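Within every chain, numbering begins at 1; the chains are lettered A, B, ... in the order of the sequence lines, protein sequences first and strands thereafter. Since this is a predicted model, take the numbers as computed values, not measurements.
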Amino acid sequence: MNYWLIKSEPHTYSFAQMKSDKKTMWDGVRNYQARNFMREMRKGDIALFYHSGKDRQVVGEVEIVKEFYQDPTTEDTNWVVVDVKYKRILTNPVNLADIKSKKELSEMHLVRNSRLSVSSVSKKEYDSIIRMSEV
DNA sequence: GCCAACGTTGGC
DNA sequence: GCCAACGTTGGC
């Protein structure tokens, strides 16, 4: 099982919306690196849900329920989507500032490349963030 | 609101 | 194929 992090601007699509939708198609990714990560996602993988913009925190978890397929919102065959399902809200959201303050999280794509909207997360990084959310 | 970082486009 | 110009994202 692999771990991921997906970003959303809460004004565009919030985790509250994710919760009420229960399941959504993760579309609109127009970046090759992000697209490549989406292609690697497998059913059952977990993704952290991050609010960019004013929030800047990891707020919950979703599960990949359908592997990549053509993005139906475009004719361009370069782009794909996956389906994700609401899993749970974190007990406490984990702030970007706190993530940045942890040495063991300094290699995260989220820290290294703030503009990447879909990225991989190692098991260690994932566990570390979950631990931070439980304090 | 500003700006750094990054990606894309297009002229040469 | 290089690189300047431009647009977008997202942190601050």
Side-chain angles (χ1 to χ4, degrees):
Chain A
M1 147 130 76
N2 287 306
Y3 300 93
W4 310 95
L5 182 143
I6 60 175
K7 283 189 194 179
S8 187
E9 167 63 50
H11 290 288
T12 309
Y13 191 84
S14 68
F15 194 60
Q17 187 66 46
M18 179 77 246
K19 185 179 181 181
S20 80
D21 288 349
K22 295 186 178 66
K23 188 182 135 179
T24 196
M25 181 178 77
W26 207 254
D27 64 355
V29 173
R30 296 291 181 269
N31 170 282
Y32 287 102
Q33 203 183 345
R35 189 278 314 270
N36 291 344
F37 284 131
M38 287 173 86
R39 282 180 169 173
E40 290 174 24
M41 289 177 172
R42 293 295 170 258
K43 202 173 169 181
D45 284 355
I46 300 298
L48 298 169
F49 195 108
Y50 175 83
H51 274 168
S52 61
K54 278 187 100 174
D55 248 33
R56 270 169 272 127
Q57 52 192 5
V58 178
V59 289
E61 289 182 285
V62 294
E63 181 183 335
I64 311 304
V65 289
K66 187 172 178 186
E67 294 179 12
F68 76 93
Y69 55 101
Q70 168 68 31
D71 186 337
T73 67
T74 176
E75 297 285 301
D76 191 337
T77 54
N78 281 313
W79 309 119
V80 301
V81 298
V82 293
D83 288 355
V84 300
K85 184 182 77 178
Y86 172 84
K87 184 174 162 68
R88 72 177 183 111
I89 190 163
L90 296 183
T91 309
N92 300 293
V94 180
N95 293 316
L96 179 63
D98 292 336
I99 290 171
K100 285 189 163 175
S101 74
K102 300 276 189 237
K103 199 178 164 196
E104 72 268 22
L105 297 177
S106 63
E107 295 299 313
M108 282 189 78
H109 287 109
L110 178 69
V111 175
R112 284 295 187 90
N113 179 4
S114 63
R115 295 185 44 183
L116 188 59
S117 64
V118 177
S119 60
S120 59
V121 174
S122 73
K123 169 101 172 93
K124 267 190 173 178
E125 292 164 347
Y126 172 81
D127 288 345
S128 177
I129 286 174
I130 295 304
R131 237 178 290 118
M132 289 163 78
S133 76
E134 288 164 349
V135 176

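Sequence neighbours left out, the pairs with a member in residues 66-79 of chain A that pass salt bridge (Lys or Arg N to Asp or Glu O under 4.0 Å) are A:Arg30-A:Asp71, A:Arg42-A:Glu67. Annotation: ring-ring contact (aromatic ring centres under 6.0 Å, His included) contacts involving residues 55-84 of chain A, sequence neighbours excluded, comprise A:Tyr32-A:Trp79. Applying the salt bridge (Lys or Arg N to Asp or Glu O under 4.0 Å) definition to pairs two or more places apart or across chains, those involving residues 101-123 of chain A are A:Glu107-A:Arg112, A:Lys123-A:Asp127. For residues 105-127 of chain A, the set of pairs meeting the ring-ring contact (aromatic ring centres under 6.0 Å, His included) definition, not counting sequence neighbours, comprises A:Tyr3-A:Tyr126, A:Phe37-A:His109.
Applying the salt bridge (Lys or Arg N to Asp or Glu O under 4.0 Å) criterion to A:Lys100, with sequence neighbours excluded, gives no partner residue.
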Scoring nucleotides 4-12 of chain C by protein non-hydrogen atoms under 4.0 Å (B base, S sugar-phosphate only, - none) yields ---BBBSSB
